[in-house]
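Side chains are part of it too, since the values below use all heavy atoms of this structure and drop only hydrogens, waters and symmetry mates.
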Amino acid sequence: MAAPMDVDAADAVFDGAAAGPTFASAVEAKEKGNEFYKKKEYAQAIEHYTIAIDMAPNEAAYLNNRSAAYMMLGKYDEAARDSQSAVSLEPANAKFHHRAAKCYVSLWRLTDAQRHYAEVLRLDEANQEAHKESKNVEQLFALERNVNDSFSNQLFNNAISLLERALQHAPAASKLRLRQAEAHLHMNNLDQAEQIAVQILRANAGNIEALYWRGLVLQRRGEVENAIKHYQNALRLDPDHDASARQLKVARQLIRTKEEGTTAFKESRFEEAMAAYRRCLEIDPTNKLWNSKLHLNVAIVLSKLGDNKGALEACNTALALEEKYIKALTKRAQLYMLLEMYEEAVQDYNTLKELDPSSDEFRKALKNAQLELKKSKRVDYYKVLEISKDADEATIQKAYKRLARQWHPDRHQGDEAKEIADKKFKLIGEANQVLSDQRKRQQYDSGQDLEDGGGVDASEMFSQMFSGGGGGFPFAGFGGGFPGGGFPGGFGGGGFPGGGFSFGGPRRGHGHGHGRRSYDYDDDDDE
């Protein structure tokens with residue numbers, strides 16, 4: 001801030017009335033202003049200098065004095081206007097050029113400042129203060145070049161630091177602060193960028209650049225309609241403001257294309273909705289928050305089309321752009337559940353619960369995901385029998401019979417193959433025992449631990465299902481045995497002595513804990 005200074009005492013007399021206090025002459029009003037200035041009552045000084053200027057509008061010294069008072073209040077735009085007017089009235093006055101130069105430095109109008117310092121030194125070559133300040137302007141030009149280089153190299157933190165140094169010399173330079181806002185915007189620090197723009201607009205609602213940059217912040221927040229209003233206000237003040245005109249066009253295109261997608265979605269034209277959302281994503285690739293919403297819309301459309309994996313990928317993209325996007329997290333958690341990726345679902349629901357601790361919905365969803373995770377760590381008996389979780393009893397029995405035939409150990413050759421088959425056969429029997437028992441199935445489905453029944457004897461279950469619990473096959477269903485003593489399907493043998501049958505070789509045990517036993521088998525159940 002400028003230091004208090006001597007003010008001119010030029011005489012000028014004006015006969016006429018003036019607003020506010022009445023003075024016989026402009027000189028008297030000016031002198032009263034000087035008194036207030038010396039007491040550092042700068043607002044009162046400005047009031048009296050204004051009276052003097054109204055009484056003697058061509059008196060450059062009064063304009064220069066008011067410029068000094070404006071500078072003391074940090075009103076550098078007003079100070080610059082007055083000092084420039086003073087210079088226009090007395091272009092050969094080095095003092096007025098010096099005042100103008102200082103105003104322009106404070107506003108970071110370095111070229112204008114340099115021009116006025118050159119005039120000061122032309123008119124007063126011995127002015128050491130002006131020599132020193134002129135050299136300082138050269139250093140400020142170098143600082144400005146460094147700022148521009150930092151932007152070019154995307155060193156935005158460095159640019160912000162350099163701009164802070166520049167603001168020490170030009171505290172009223174709104175364009176320096178708006179460049180800081182620009183740097184914050186490049187780093188997606190939307191809060192900091194908006195705070196700068198809002199502060200400037202509070203001081204000057206007509207600052208076109210501040211309107212533009214706040215509009216851009218709002219657009220990046222996804223508040224595109226509000227951004228449009230800011231661009232329109234900027235263009236009302238300056239119809240030739242190209243940046244606002246360009247962004248207004250982009251913003252309107254974003255709204256229009258997204259609405260096309262939304263309309264198509266509501267009318268169940270999902271492919272058209274997908275195409276519209278993807279076109280919208282190409283309009284403003286740097287708009288992370290807006291595009292995260294579009295990627296979520298893509299995920300919802302893909303889910304409607306039955307492509308849950310594609311939907312999951314779209315959700316991941318949305319969350320890469322906006323990490324704490326609750327709607328995208330919720331959709332992804334739901335997709336994880338559908339895809340039976342329960343650990344990932346639990347992680348997302350935990351995150352959602354942290355983001356919104358009061359939500360009963362997230363609490364219940366987390367509990368359900370944890371239950372499904374616990375259940376998933378057990379053997380999935382539905383998958384074992386290759387059936388859905390809502391399968392009825394008939395479907396369960398049909399699946400069991402088919403798989404039991406397929407994996408019966410006596411149908412497999414070689415020790416290794418028989419061992420694999422034996423394990424699968426036992427698991428199939430275990431699954432059938434649980435899912436065929438209504439109480440056990442209910443316990444299993446609810447995630448409860450099943451009572452220890454001492455294990456499942458798959459062979460015994462198989463024998464009971466196909467032989468009615470006796471030692472051999474009841475042949476009523478076969479129309480009385482197999483002619484020729486053979487077994488359909490290529491199993492050798494010579495009839496069924498004792499109501500049972502042999503598979504054409506010695507009987508072997510298969511690790512069921514019952515020593516040597518044969519496996520009763522029925523091959524007459526269609527799938």
Side-chain angles (χ1 to χ4, degrees), residues 1-8 10 30 33-34 36-38 40-50 52-53 57-124 127-144 163-179 199-200 203-204 206-210:
M1 184 174 289
M5 58 203 73
D6 293 334
V7 288
D8 292 316
K30 184 264 299 183
N34 288 352
F36 283 115
Y37 189 95
K38 291 175 181 178
K40 300 183 179 181
E41 297 177 14
Y42 302 114
Q44 292 280 15
I46 289 169
E47 180 183 350
H48 287 82
Y49 290 143
T50 300
I53 291 166
N58 293 324
E59 184 57 53
Y62 299 168
L63 289 163
N64 190 59
N65 285 3
R66 189 170 68 176
S67 175
Y70 275 131
M71 287 189 74
M72 299 307 294
L73 292 178
K75 295 185 176 183
Y76 295 100
D77 284 308
E78 294 88 339
R81 282 195 294 270
D82 275 357
S83 63
Q84 189 60 55
S85 296
V87 166
S88 297
L89 291 170
E90 294 186 25
N93 190 312
K95 182 190 293 187
F96 296 165
H97 282 288
H98 201 170
R99 169 78 53 226
K102 289 181 177 182
C103 288
Y104 287 132
V105 168
S106 297
L107 293 169
W108 202 257
R109 292 173 56 177
L110 300 182
T111 301
D112 289 328
Q114 190 178 49
R115 174 170 53 84
H116 282 285
Y117 276 122
E119 282 298 300
V120 173
L121 295 173
R122 185 182 68 81
L123 296 167
D124 183 9
N127 191 325
Q128 294 302 311
E129 183 182 5
H131 273 292
K132 181 179 179 180
E133 290 171 357
S134 180
K135 289 180 180 179
N136 186 50
V137 170
E138 294 299 327
Q139 294 175 356
L140 297 182
F141 271 117
L143 180 58
E144 186 173 58
L163 287 163
E164 201 61 42
R165 286 172 52 191
L167 281 164
Q168 293 174 8
H169 299 274
S174 60
K175 65 181 179 180
L176 294 179
R177 295 165 67 199
L178 287 171
R179 288 226 78 185
Q199 286 175 346
I200 292 171
N204 178 12
N207 189 304
I208 295 168
E209 293 298 323

At what distance, to the nearest 0.5 angstrom, does [atom1] of [X] lie from [atom2] of [Y]?
X	Y	atom1	atom2	value
His97	Leu121	NE2	CG	11.5 Å
Asn34	Lys38	CG	NZ	6.0 Å
Gln168	Leu140	CD	CG	11.0 Å
Tyr76	Ser67	OH	OG	10.5 Å
Thr50	Asp82	OG1	CG	7.5 Å
Lys75	Ser106	NZ	OG	15.5 Å

Partners of [X] by salt bridge (Lys or Arg N to Asp or Glu O under 4.0 Å), sequence neighbours excluded?
X	answer
Arg179	Glu182
Arg165	none
Arg109	Asp112
Glu78	none

Note to self: Checking Tyr104 now: which residues fulfil ring-ring contact (aromatic ring centres under 6.0 Å, His included) with it, not counting sequence neighbours?
What the structure shows: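 His116.
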### Task
Please assess His48 against Tyr37 for the test side-chain contact (heavy atoms from CB on, under 4.5 Å), listing each intermediate value before the final yes or no.
CA-CA 10 Å; His48 287 82; Tyr37 189 95; over 6 Å; no
Candidate pair Ile53 and Glu59, rule side-chain contact (heavy atoms from CB on, under 4.5 Å), full reasoning
CA-CA 7 Å; Ile53 291 166; Glu59 184 57 53; over 6 Å; no
_Test your reading of the model: is there a side-chain donor-acceptor pair from Lys30 to the backbone of Tyr62, 3.5 Å cut-off?_
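No; judged by distance alone, with no hydrogens or angles, the pair does not exist.
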Okay, side chain of Ser134, backbone of Ala130: is any donor-acceptor separation there less than 3.5 Å?
->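 Judged by distance alone, no pair lies under 3.5 Å.
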Q.
Test side-chain contact (heavy atoms from CB on, under 4.5 Å) on Glu133 and Val105; report intermediate values, then the result.
A. CA-CA 10 Å; Glu133 290 171 357; Val105 168; over 6 Å; no
Tell me the closest heavy-atom pair linking [X] and [Y], and the distance in Å.
X	Y	result
Ala173	Trp108	CB-CB, 3.6 Å
Leu89	Pro57	CD1-O, 4.0 Å
Ser85	Leu63	CB-CD1, 3.8 Å
Ser83	Ala80	OG-O, 3.0 Å
Ala170	Leu176	CB-CD1, 4.0 Å
Leu110	Phe141	CB-CZ, 3.5 Å

- Query: side-chain contact (heavy atoms from CB on, under 4.5 Å) with Ser174: which residues, sequence neighbours excluded?
  - Reply: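 With neighbours one apart ignored, the set is Ile200, Asn207.
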With the threshold set at 4.0 Å, does a side-chain nitrogen-carboxylate oxygen contact exist between Arg122 and Glu119?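 Answer for the salt bridge query: yes.
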*asked:* Any carboxylate oxygen within less than 4.0 angstrom of a Lys/Arg side-chain nitrogen, looking at Lys102 and Glu129?
replied: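 A salt bridge is present here (some side-chain N lies under 4.0 Å from a carboxylate O).
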Determine, stepwise, if the pair Ile46 / Leu73 fulfils side-chain contact (heavy atoms from CB on, under 4.5 Å).
CA-CA 10 Å; Ile46 289 169; Leu73 292 178; 3.6 Å; yes
* Tyr70 and Asp77: side chain donor to acceptor below 3.5 Å ->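 Judged by distance alone, the side chains do not pair up.
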- Message: Taking atom NZ as the centre, does Lys175 end up with more than 12 heavy-atom neighbours from other residues, nucleotides or ligands that are less than 6.0 angstrom away?
- Response: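 Yes, enclosed.
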